[in-house]
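Please read the structure below before turning to the comments.
Hydrogens, waters and symmetry mates play no part in the numbers below; they use all other heavy atoms, side chains included.
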Amino acid sequence: MPSPYRALFAAPGSKGFSFAGFLGRMPLSMMGIGVVTMISQLTGRYGLAGALSATIALAAAVAGPQVSRLVDRYGQRRVLRPATLVSLTAAAVLLPAAHYGWPDWVLFAACVGIGCVPSLGAMVRARWAALYRGTPQLHTAYSFESVVDEVCFIFGPIISIGLSTAWFPEAGPLLAACFLAAGVFWLTAQRATEPVPHPRDHGGGGGTALSSRGLQVLVATFAATGTIFGAVDVVTVAFAEEEGHKAAASLVLALYAAGSCTAAMVFGLLRFAGPPERRWLLGVCAMAVSMIPLQLVGNLPFLAAALFVAGLSIAPTMITTMSLIEEHVPRAQLTEGMTWVSTGLAVGVALGSSVGGWVIDAAGARAGYGVPAVAGAVAVAVGFLGYRRLKRPAPRRGGTVGQHTHGERADEREEPHVA
């Protein structure tokens, strides 16, 4: 591992909470596809399987920011454990309900409960921010976490689908639940690195992080970006099926994630001058432009190469987004702010999947790649329209975007960790 990453883990406890976060994030890529595989095998009803997966995603989009808001106010341990127990209990209902053919409403109710799963990525990034706020190491930490995200999305679906098809239908969701339990309870047991909560009566504020005008721009832009991701996934599967190699879709999509993973590793080694909002807008434009070659795909090898190149712009844009959130959202609402961006992505993925599927049914897979192209154009438009908001200082922060006042940095250095 390059030296900046070795230095990153010199902080006591950093290895432990990072690995716990990795385990806890695996269900993000395993549960939805695991439910689809389980239901389709047990019932043959793909419509029901897709609806249940969408229910989990939308429930998480609604519950995630609320859970993170409570975390900012009361701390990770006090909030994550009860929220995770709700999700695990719901999973414990879903598996026998699917196995024994209980009514559909029970399945949907269980999937709503599973959606209470906390955003472990935001929790881990908040711990890195508490350790390295105001230092170059925070950029490296966010880059590393983007690598972890991509590793989860490369291997999570393969593990979940593989277990459910080779062992028994419920195996994928079951392992996802085990990962969630292990990750959350291990993470919350590490009290020394837990960020200090900000109760409302101690300056945490009673409003939502989404009141930040800069965060509104980021969330709206990443709703369009999520549409790119959701559409690319669905259309790629359909394209591979049209080419007579449907199983190859997972490998092609893995290259998409591998491109992002590669870029994240390199991006974390670099140091940048100038305002981050410029790099962010450049990244959004690069994601949009990278969708253009997909309109010309004629075979799977060309598609795989085009998606790998397209993936190179994802992680740098996400990493810069996390840096902007840290600048535009008050520290007392940092976890909630990060989760709102994930919510925007989740809503976009659901929209992209549905619109992409409709276009495929109407005009074929090649036409479906027009959906991510249009979504990319929308993301660029929103980014340009909101660019001025990103240049303004966040409320209750001194200095300019990308800078802290001397007094704020002194406060951050003196802030104790929960023991």
Side-chain angles (χ1 to χ4, degrees), residues 29 32-33 36 46-47 50 53-54 57 149-150 153-154 157-158 161 220-263 281-318 344-384:
S29 62
I33 193 64
V36 168
Y46 282 91
S53 179
D149 286 339
E150 299 303 340
F153 277 96
I154 290 172
I158 296 174
I161 295 172
T221 304
F222 275 85
T225 301
T227 305
I228 295 176
F229 300 156
V232 166
D233 286 352
V234 172
V235 179
T236 298
V237 172
F239 182 82
E241 185 173 15
E242 286 185 0
E243 293 291 301
H245 302 283
K246 185 176 181 179
S250 60
L251 296 177
V252 173
L253 291 173
L255 282 175
Y256 190 31
S260 180
C261 184
T262 301
L281 187 57
L282 180 62
V284 172
C285 291
M287 280 196 289
V289 171
S290 70
M291 294 296 104
I292 296 176
L294 301 184
Q295 315 309 308
L296 308 174
V297 294
N299 53 60
L300 284 174
F302 180 83
L303 176 62
L307 284 178
F308 179 83
V309 173
L312 295 174
S313 60
I314 296 175
T317 309
M318 289 297 300
L345 280 170
V347 171
V349 168
L351 178 62
S353 299
S354 58
V355 175
W358 178 82
V359 172
I360 292 166
D361 290 339
R366 284 178 174 82
Y369 280 117
V371 176
V374 172
V378 172
V380 170
V382 174
F384 272 103

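With sequence neighbours excluded, the residues satisfying side-chain contact (heavy atoms from CB on, under 4.5 Å) with A367 are V359, A363.
The shortest non-hydrogen separation linking A288 to V380 is CB-CG2, 3.5 Å. Nearest approach of G376 to I228, heavy atoms of both residues: CA-CD1, 3.6 Å. The two residues A263 and L312 make their nearest non-hydrogen contact at CB-O, 3.1 Å. Taking each heavy atom of V382 and A220 in turn, the nearest pair found is CG1-CB, 3.9 Å. The minimum heavy-atom distance linking G383 with L281 is given by the pair C-CD1, 3.7 Å.
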Item to check | side chain to side chain contact (heavy atoms under 4.5 Å, CB included) evaluation trace for I314 with F229 | outcome: CA-CA 10 Å; I314 296 175; F229 300 156; 3.7 Å; yes

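Between atom CG of residue L282 and atom CE of residue M287 there is a gap of 10.5 Å, rounded to the nearest 0.5 Å. Of the inter-residue distances, the one linking F308 atom CZ with S290 atom OG reads 12.5 Å to the nearest 0.5 angstrom.
Counting heavy atoms from C-beta on, the side chains of T225 and F222 come closer than 4.5 Å. Between V252 and F239, the closest side-chain pair of non-hydrogen atoms is not below 4.5 Å. Between L307 and V232 there is a side-chain heavy-atom pair separated by less than 4.5 Å.
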Which pairs of donor and acceptor atoms, one on a side chain in residues 344-351, lie under 3.5 Å apart (sequence neighbours left out)?
none

When the side chains of residues 293-304 are checked against the rest of the protein, which donor-acceptor pairs come out under 3.5 Å, sequence neighbours left out?
unit_1, atom_1, unit_2, atom_2, d
Q295, OE1, G370, N, 3.4
Q295, NE2, M291, O, 3.0
Q295, NE2, Y369, O, 2.7
N299, OD1, F302, N, 2.8

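In this structure a side-chain-to-backbone donor-acceptor pair under 3.5 Å is missing from S260 to A257.
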